[in-house]
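Before any comments, here is the structure.
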Amino acid sequence: MTTVPAEEADETADGATTLRKVLPAFPPGPALPARGLLRLPGVYRPQADTCLLASAVRRARVPAGARALDLCTGTGVLAIALARAGAEAVLAVDLSRRALLSARVNAALRGLPVRVRRGGLLAAADEGPYDVVVTNPPYVPMPAEQARPDRRCDAGTDGRAVLDPLCEVAPALVAPGGFLLLVQSVMSGVDRSVRLLTAAGLRARVVARAMVPFGPVLSGRKDFLEQSGFVAPQVRKEELVVLRADR
Ligand SMILES: C[S@@+](CC[C@H](N)C(=O)[O-])C[C@H]1O[C@@H](n2cnc3c(N)ncnc32)[C@H](O)[C@@H]1O
């Protein structure tokens, strides 16, 4: 069987969009962050989870002059939201080179103070702590027999491969007086995230919720999700939540 590297795979028709094609028509300026975004092939398309977190960022009142982190940045849409909300300097971190190139171009064309860095939690912690941290990490449970995880969304058989270390390292990311906004599915254990964040010394609570229909990834593994007890039989919606954790 031929496997397609996650960075080259894409679920959408416009996955063929290239830097060369997009740049001339790219509209900088005060558009909503998700409009006119460059998204190189294989980079996560902003979805309901992105939107839920972006509106939580807008409501959270980012302090003017804040140092901010967008961990798992993808196109950089949330880094852009942070900069527009008042952050003075935003670091956008991702494992994917294509994501970082997309994020760098998207922020630069809007003239926003976003810097990118390749890596994961350690790279993010290396430059921390930050006044504001936002993250939309991979959190989808995947079948054990799946040959290769899609790094954009897959997070081990329980959906917590990134969430657990992220919650544990949160004190190294969030400065005293600062806060973290994290989006995840109820399927991957909101109580566990709250417990881990609390054990790490932060005050954590749910600040936003939304029910959204299954997209292509969840629809494609509905049998696994049902059999493993992540969703009730015939349920084809998932609940997303945004957690806020204050230090
Ligand atoms: C669900 S997407 C979110 C993208 C974007 N923030 C958004 O909301 O549209 C998750 C992103 O995290 C990246 N990623 C996966 N595992 C990571 C890790 N351990 N550290 C940093 N980035 C990671 C993926 O490459 C992907 O771009």
Side-chain angles (χ1 to χ4, degrees), residues 5-12 14-15 32-58 68-83 90-107 114 116-128 130 132-142 148-156 159-170 172-173 180-185 187-188 208 210 212 215-218 238 240-243:
E7 286 209 11
E8 283 164 25
D10 207 326
E11 80 288 14
T12 57
D14 65 345
L32 284 173
R35 291 177 68 193
L37 276 183
L38 167 69
R39 187 172 64 87
L40 288 175
V43 176
Y44 186 79
R45 170 197 280 272
Q47 294 180 30
D49 48 6
T50 319
C51 294
L52 192 64
L53 188 48
S55 50
V57 169
R58 279 192 293 273
L69 169 70
D70 175 17
L71 179 62
C72 301
T73 197
T75 56
V77 63
L78 294 166
I80 289 170
L82 282 167
V90 184
L91 180 66
V93 172
D94 203 291
L95 293 176
S96 157
R97 287 194 175 86
R98 291 183 187 188
L100 293 176
L101 179 54
S102 304
R104 188 146 56 88
V105 170
N106 285 327
V114 176
V116 303
R117 176 163 171 178
R118 184 157 187 253
L121 282 168
L122 289 180
D126 181 45
E127 297 195 35
Y130 310 86
V132 182
V133 177
V134 305
T135 183
N136 179 7
Y139 53 73
V140 178
M142 60 178 264
R148 195 186 158 125
D150 178 341
R151 278 199 318 216
R152 293 172 296 187
C153 51
D154 290 339
R160 298 210 52 98
V162 182
L163 283 168
D164 278 353
L166 169 62
C167 293
E168 281 156 12
V169 85
L173 298 178
L180 161 83
L181 292 169
L182 152 70
V183 67
Q184 68 166 95
S185 171
M187 274 193 282
S188 32
V212 301
V217 172
L218 294 188
E238 68 168 333
L240 300 176
V241 305
V242 175
L243 285 175

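Just so you know, ligand 1 is whichever comes first in the structure, and atom 1 is the first atom listed for that ligand. Hydrogens, waters and symmetry mates play no part in the numbers below; they use all other heavy atoms, side chains included.
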*Who gets closest to atom 8 (O) of ligand 1 by heavy atom: L121, N136, L100, T75?*
N136

*Can a non-hydrogen atom of P138 be found less than 4.0 Å from any atom of ligand 1?*
yes

*Ligand-side contact atoms (ligand 1) for residue partner T73, heavy atom cut-off under 4.0 Å*: 4 (C), 5 (C), 6 (N)

*Just jot down the ligand 1 atoms closer than 4.0 angstrom to any heavy atom of G74, in number order.*
4 (C), 27 (O)

*Donor-acceptor contact below 3.5 Å, side chain D154 vs main chain P149*: no

*Shortest non-hydrogen contact from V43 toward R152*: C-CD, 4.1 Å

*Find all atoms of ligand 1 within a distance of less than 4.0 Å from any non-hydrogen atom belonging to P46, and give their numbers and elements.*
9 (O)

*By number and element, which atoms of ligand 1 are closer than 4.0 Å to a non-hydrogen atom of L78?*
6 (N), 8 (O)

*Backbone N or O of L71 within a donor-acceptor pair of the T135 side chain at under 3.5 Å?*
yes

*Under 4.0 Å from a heavy atom of G120: give me the atoms of ligand 1 that qualify, with their elements.*
20 (N), 21 (C)

*asked:* R117 and side-chain hydrogen bond (donor to acceptor under 3.5 Å, both in side chains): which single residue from D126, T73, D94 fits?
replied: D126

*So between V183, D94, V77, V140, whose heavy atom ends up nearest atom 24 (C) of ligand 1?*
D94

*Check each of R98, Q184, R152 against atom 10 (C) of ligand 1 and report the one with the nearest heavy atom.*
R152

*Could you tell me which atoms of ligand 1, counted from 1 in the order shown, lie closer than 4.0 angstrom to a heavy atom of G119?*
20 (N), 21 (C)

*Would you kindly say whether D49 and Y44 are connected by a side-chain donor-acceptor distance under 3.5 Å?*
yes

*Could you walk me through whether L78 and T50 pass side chain to side chain contact (heavy atoms under 4.5 Å, CB included), step by step?*
CA-CA 7 Å; L78 294 166; T50 319; 4.1 Å; yes

*Based purely on interatomic distance, does R45 place a nitrogen or oxygen under 3.5 Å from a nitrogen or oxygen of ligand 1?*
no

*Below 4.0 angstrom from a heavy atom of S96, which ligand 1 atoms are there? Numbered from 1 as shown, please.*
25 (O)

